[in-house]
Chemist: 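Could you have a look at this structure, given as structure tokens, before my questions?
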Amino acid sequence: MDNRGLSPVVGKTLAASIAVLYVAGMTALLLNGPVPAGQTAAGGELGERVLATAAGHVEAAIPDGDRRVDVRTEVAMPATVRNTGYTLELRSGRLVLDHPTDALDRETRLLLPATVTVADGNWTSTDRLVVRVAGAPGNRTLWLEGDR
Amino acid sequence: MTARAQTSLPGLGVAFLLLTAAVFVGLVAAEGALGSTDRAALDRQAAVGLSERLTADRAPLTTRTSVLNDSRLGSLDAATLRSTYGLGPDTAVEVQLDGRTLAAVGDPRVGRTVRRVVLVETRQRRSLTPAFTGSQRATLPRRTDRVLVTLSPPAETTVSEVRADGRVVLREPGGLDGTYDVAVSPYETTTLRFETTGDLDRGSVRLVYFPERTRPAELEVTVDG
């Protein structure tokens with residue numbers, strides 16, 4: 001009869017430890033499986049859109065008209081995809097998104113007139129993206145400029 | 001004795017069961033939301049970009065932004081699409097106007113389609129022989145951007161000047177004779193006035209003008225790859 005008073009203490013301790021174990025197990029389970037997978041899936045989607053937006057702005061940066069030009073177009077881009085910075089690379093007419101998570105790498109072909117030369121170059125997402133087009137109407141050059 | 005007091009443990013178990021079920025429902029919902037997103041942003045962007053290039057102000061097919069010149073539509077073919085618009089070798093593209101295929105490269109089956117409303121412009125050639133009863137004016141019934149004025153005045157009449165809406169467009173004090181190409185404003189109705197010594201009659205002036213007729217159409221650009 002003396003240890004009857006222990007009963008609620010044992011019960012509460014048992015319940016509390018089971019709850020702690022459950023939460024810990026559940027957290028470990030989620031953080032090792034679905035959460036990173038979801039981050040990668042969402043990051044891939046975002047990366048694809050980032051690349052599509054960048055490609056659209058690069059294509060739209062070519063001015064109309066028949067004068068010699070030197071235009072700089074600033075494009076607002078997200079600084080991170082899946083919590084890390086990324087790089088946009090121009091490689092022989094293709095725009096490549098290079099991300100530390102290799103599953104998020106994407107590339108697309110730029111639809112540009114034949115009179116535009118694309119200079120290879122890199123842009124990192126910590127900079128502001130500036131698309132610069134310069135030259136005479138028959139021979140324009142396009143390149144990416146990072147501007148801090 | 002102690003077993004009697006642990007009545008809250010089954011309740012805890014049921015609560016955890018419910019919580020686990022809720023977490024799984026949430027996971028399935030999140031997975032479904034990610035799976036149902038549009039995954040062809042790049043194809044879509046390519047289609048939008050190509051349609052913008054096709055309808056741009058100084059594009060090979062257009063007379064101005066979003067107005068396609070009917071006579072140039074035939075010049076669009078697979079080779080032009082590749083060379084002028086910089087398509088990749090593995091990209092399949094189809095350009096349709098009101099359901100009629102203008103040009104196709106490859107066979108875009110699963111591509112993204114962008115539809116734009118454009119105007120298709122046709123230039124007609126119309127002629128007019130003003131009668132000049134009681135006035136020296138001729139008003140063109142439709143708007144045009146150029147007029148071919150053929151002057152063959154009677155022997156005793158000299159046409160020294162032609163004005164379009166008050167602006168002098170042709171002037172020769174010694175007398176105008178022959179066919180002249182006159183640029184006029186396409187944005188207002190043109191009235192030509194002839195400054196002459198002597199009278200003009202039917203047949204002294206023949207005008208050929210080029211009114212445009214536009215019809216709305218739907219341009220469909222499908223890109224796959």
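Lettering of chains follows the sequences in order, A, B, ..., and the numbering in each one begins at 1.
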Chemist: What part of A:I18 gets closer than 4.5 Å to chain B, counting heavy atoms only: side chain, backbone, both or neither?
Modeler: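 Both parts, backbone and side chain.
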Chemist: In terms of heavy-atom proximity below 4.5 Å to chain B, should A:A19 be classed as side chain, backbone, both, or neither?
Modeler: both
Chemist: Name the option with the most non-hydrogen atom pairs under 4.5 Å to chain A; the candidates are B:V48, B:T20, B:D57.
Modeler: B:T20
Chemist: Hey, is CZ on B:R137 packed in by over 12 heavy atoms from elsewhere, all under 6.0 Å?
Modeler: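 No.
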Chemist: Do A:T108 and B:Q45 come close enough that some side-chain heavy atom pair is under 4.5 Å?
Modeler: no
Chemist: Mind checking the CG-CG spacing from B:L12 to A:L14? Nearest 0.5 Å is all I need.
Modeler: 9.0 Å
Chemist: In chain order, what residues pass the salt bridge (charged side-chain N to carboxylate O under 4.0 Å, His left out) check against B:R109, with sequence neighbours excluded?
Modeler: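 In terms of salt bridge (charged side-chain N to carboxylate O under 4.0 Å, His left out), with neighbours along the sequence ignored, B:R109 is linked to B:D107.
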Chemist: Does CZ in A:R68 sit with more than 12 non-hydrogen atoms of other residues, nucleotides or ligands closer than 6.0 Å?
Modeler: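 It does not: A:R68 CZ has 12 such atoms or fewer within range.
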Chemist: For B:L50, which atoms come within 4.5 Å of any heavy atom of chain A: side chain, backbone, both, or neither?
Modeler: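 Both parts, heavy atoms under 4.5 Å.
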Chemist: Rounded to the nearest 0.5 Å, what separation is found between the CD atom of A:E48 and the CG atom of B:D43?
Modeler: 8.5 Å
Chemist: Does a side-chain heavy-atom distance below 4.5 Å link B:V223 with A:L111?
Modeler: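 No - every pair of side-chain heavy atoms lies 4.5 Å or more apart.
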Chemist: Less than 4.5 Å apart, side chain to side chain, heavy atoms only: is that true for A:E59 and B:R53?
Modeler: no
Chemist: Tell me if the CZ atom of B:R213 is crowded by more than 12 foreign heavy atoms within 6.0 Å.
Modeler: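 No.
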